[in-house]
Amino acid sequence: MAKRTAERTAGEFELITRHFTRSRRSAAVDLGVGDDCALLRVAPGMQLVVSSDMLVEGRHFLSTVAPDRLGHKALAVNLSDLAACGAEPLAFTLALALPRGDDHFAAGLARGLFAQADLHGIELVGGDTTAGPLNICITAMGQVPVGQALLRSGARPGDDLWVSGTLGDARLALEVFRGTVVLDGQAFEQVRRAMELPEPRVALGQALRGVASSAIDLSDGLLGDLGHVLQASCVGASVRVDSIPRSAVLASQAPDLQHTCLLAGGDDYELLFSAAPAQRQAVAAAAQGAGVAVTRIGALTAARGLQVVDGHGAVLSQTWAGFDHFKS
Ligand SMILES: [Mg+2]
């Protein structure tokens, strides 16, 4: 990894070399870690897709998380952004601030990070490390055929609104950590996994190219992220709250808590996308090919604004704040 050796002790340098240097190469990497820059090869006719996300202890993750799960999540949230654009992941860089030369922590972080990298066939190609408050910043790079990236701006009135997977479990886990909800051990482990081990919908995103009219990944809560799509596309939406897919654990909670977790939860890392009704079979085929469930939860409207309706079609008047990491 890159320079700044003057700020490192010999132990830190050794720790990084030991845990974060690998000799593997993917086809897209002509030159990885070890020089001033990495050299990546983007296939002819493809655009480079770049996304960066920072995870800060206490704000984006709790100190209770195991290091390998943190490594998994740090890369997964970046791959989720690539998925939202329909991109194929190529490589990533890592900028890491570590408060201490903790060998156990670094080993666990690297294990989780590289397991997720291997799952998606990508390699760490550079970055930087320094001593400081725990902070993990990953930049993920991918490729997409020119002009085919899924964007927030393509939604049209009359399009169906879809989500992948189930929503709300990560927020429910956060409420358990906050002490506002009590779950039994098995239920807690399930929702905790949703919070700590999100699965970026990379295959689904690519399968939706040419099918979906817009897409975004859900990191800050359904309503907040949907609001970004509505603004970019100059449309409105109506969401049927009863249609939003949820786990059995969340479904067993009080309705108000369910609504908060589903609509303003955060940390879902599922895809929210729109598609014309004529594309329903194509959406189903894309989801089946990717091995991910998708559910229709509403529709886009020419009238601006965002309505949430219950099972009887009545508009819910309550407002939900968008998820603001650990501060909502
Ligand atoms: Mg995103």
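The figures that follow rest on heavy atoms only: side chains count, while hydrogens, waters and symmetry mates do not. Counting convention: from 1, in listed order, for ligands and their atoms alike.
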Pair T301-S238, side-chain donor/acceptor within less than 3.5 Å: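 Their side chains do not contain a donor-acceptor pair, so the 3.5 Å distance test is not met.
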
Any side-chain donor near an acceptor of the partner, D103 and H19, under 3.5 Å: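 Distance-only check passes for D103 and H19.
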
D267: which of R193, R171, K73 passes salt bridge (Lys or Arg N to Asp or Glu O under 4.0 Å):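 Only one option passes, and that is K73.
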
2.8 Å cut-off met by an N, O or S atom of D81 to the Mg ion (ligand 1):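 True for D81.
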
Metal site the Mg ion (ligand 1): N/O/S of D53 inside 2.8 Å: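 D53 does not place any N, O or S atom closer than 2.8 Å to the Mg ion (ligand 1).
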
Shortest-distance N, O or S atom of D217 relative to the Mg ion (ligand 1):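 Per the distance ranking, D217 contributes OD1 as its closest N/O/S atom to the Mg ion (ligand 1).
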
Residue pair M141 / L40, side-chain heavy-atom distance below 4.5 Å: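 The answer is yes; the side chains approach within 4.5 Å.
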
